There are 2 protein chains.
Amino acid sequence: MQLGEGIEWALHCCTVLALVPEGRALPASRLAEFHGVPPAYLAKHLQAMAQAGIVESVPGRRGGYRLARAAQDITLLDVVHAVEGRAPAFRCTEIRRRGPAAQASSAYRAPCGIHVAMQRAEDAWQRELAAQTVADLLRHLATSVTPVAVRRAGEWMQEAVR
Amino acid sequence: MQLGEGIEWALHCCTVLALVPEGRALPASRLAEFHGVPPAYLAKHLQAMAQAGIVESVPGRRGGYRLARAAQDITLLDVVHAVEGRAPAFRCTEIRRRGPAAQASSAYRAPCGIHVAMQRAEDAWQRELAAQTVADLLRHLATSVTPVAVRRAGEWMQEAVR
DNA sequence: GTCCCTATACTCGGATAGCAAGTGTCCGAGTATAGGCGG
DNA sequence: CCGCCTATACTCGGACACTTGCTATCCGAGTATAGGGAC
């Protein structure tokens, strides 16, 4: 199992977008430059987040992206769902119904035990993701980033949203 | 994010192998026929489980596969690790160190908050998988499978390990 | 009748193609801005 | 001096190649078995 790296980009972008001044927007190209990632490909993921209602796009000359709602109302699960899709990681193809020992469909009213077990683990994963928001990420940043880095990032932001 | 379907096959195979009489072995071709899956491809996953020490392979004419240890000592996490590998789903590429606001390496002693958050969710997933064993799957089967299916599967098993 | 040997048939194991999804890139449609023009 | 209009430059958005990993398959190496022969 492998999670696309777009998830990492998207989450970092959310933390940066949370620091954009009210009423402004940050272009995708600036976000890409800030993180050192391919601009065109990052745009793809930003579009997915815009469609999911996590960020909103501002068209036009001084346009860009900004958060569509407060940082504390954006869970990590929202971001993962937007970028990776809502398809479950484990897909039960009901192979228990195939083969020589197969029964009539009516014999399979009880759900597949393996499906239930895997779903239980996936629920725990999603629960943990839903319990954390972008605001939590910002709090963690506030306690770990050096003051000089804060100042430099602030200057870059003012330049970027000019 | 998508989990390979080999996981489903592997788990079903574990439940079937747990019912193999002591001292016998079940060929991969029989397992494939029982589940209605491609024999050659299933063999690939069985080899992975054999390398991981979950099942053991018996060579020769009346050879096949059997569980390498008791069903209660095989967790779902063991199977997932064997088939899907031990690589974490979320891979942090430390993009926070790139771009205009980058600092010296010494400034990044604190771990990346996003990495920590995703790891927390993944730990919850693994914890849930590690808490369930193949024996639990068998217990679930015992309460949900009809008596006629049990009989038919037993007959098939006797024929298969002959 | 018993033991040994050999040929066999069946098993696993790794090396080899095909395909789908993730990765990366590009160019066109649309819009707020900035400058110029007229009143 | 103020308002309007137009051209512009910048933005997002979706359509188009490429690469990696999953899916699927095959054939060769190895071994326990079954049968036949010798003693």
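In what follows, chains are A, B, ... by sequence order, proteins preceding strands, each numbered from 1. Small disclaimer: the values here were computed from a predicted structure and weren't measured.
- For A:Arg61, the listed nucleotide lying nearest its side chain is C:dT33; candidates were C:dA9, C:dT33, C:dT16.
- A sub-4.0 Å separation between OP1 or OP2 of C:dC12 and a side-chain N or O of B:Gln47 is absent.
- A sub-4.0 Å separation between OP1 or OP2 of D:dC22 and a side-chain N or O of B:Gln2 is absent.
- Here B:Tyr41 does not reach the OP1 or OP2 of D:dT25: none of its side-chain N or O atoms lies under 4.0 Å away.
- Comparing B:Glu84 and B:Pro39, the nucleotide of DNA chain D nearest to each residue sits closer to the 5' end for B:Glu84.
- Counting to the nearest Å, the C1' atom of C:dG22 and the CD atom of A:Glu5 are 9 Å from each other.
- Residue B:Met49 contributes atom CE, which lies 12 Å from atom P of C:dC12 at whole-angstrom precision.
- The CG atom of A:Leu137 lies 9.0 Å from the NE2 atom of A:His12; values are rounded to the nearest 0.5 Å.
- With rounding to whole Å, A:Leu42 atom CG is found 14 Å from D:dT11 atom C1'.
- Close to D:dT11, at under 4.0 Å from its OP1 or OP2, lies no side-chain N or O of A:Ser57.
- In this structure, A:Gln51 places its CD atom 10 Å from C1' of D:dG14, rounding to the nearest Å.
- Looking only at distances, no side-chain donor or acceptor of B:Glu8 sits under 3.5 Å from a matching main-chain atom of A:Cys92.
- Looking at B:His35, its side chain does come within 3.5 Å of a backbone N or O of B:Leu31 through a donor-acceptor pair.
- As judged by a 4.0 angstrom heavy-atom cut-off over every strand, A:Gly64 is placed among residues touching the sugar-phosphate backbone only.
- Ring geometry for A:Trp156 against A:Phe34 counts as tilted: the plane angle lies between 30° and 60°, on a 0 to 90° scale.
- In this structure, A:Ala28 reaches the sugar-phosphate backbone alone: every heavy-atom distance under 4.0 Å involves primed, P, OP1 or OP2 atoms, never a base.
- DNA chain C is contacted by both A:Leu3 and A:Ala43; A:Leu3 maps to the nucleotide lying nearer its 5′ end (nearest heavy atom per residue).
- Computed from coordinates, the A:Leu26 CG to D:dT11 P distance equals 10 Å when rounded to whole Å.
- Of the candidate nucleotides C:dT25, D:dT23, D:dT33, D:dT33 has the atom lying nearest to any side-chain atom of B:Arg62.
- Between the CZ atom of A:Arg30 and the P atom of D:dC12 there is a distance of 11 Å, rounded to whole Å.
- The side chain of A:Ala40 has C:dT25 as its nearest neighbour among C:dC12, D:dT25, C:dT25.
- Taking atom CH2 of residue B:Trp9 and atom P of nucleotide D:dC22, one finds them 14 Å apart after rounding to whole Å.
- Residue-level contact check: A:Arg91 touches the backbone only, with heavy atoms under 4.0 Å from sugar-phosphate atoms and none from bases.
- Each of A:Val16 and A:Val58 belongs to its own hydrophobic cluster when Ile, Leu, Val, Met, Phe, Trp and Tyr are linked at side-chain heavy-atom distances under 4.5 angstrom.
- If you check C:dG24, C:dG14, D:dC12 against the side chain of A:Lys44, the one that comes closest is C:dG24.
- Atom CE in A:Met1 sits about 18 Å away from atom P in C:dA21, given to the nearest Å.
- Both A:Pro59 and B:His45 lie close to DNA chain D; mapped to their nearest nucleotides by heavy-atom distance, the more 5′-ward contact belongs to A:Pro59.
- For the atom pair OH (A:Tyr65) and CG (A:Leu17), the distance works out to 10.0 Å, reported to the nearest 0.5 Å.
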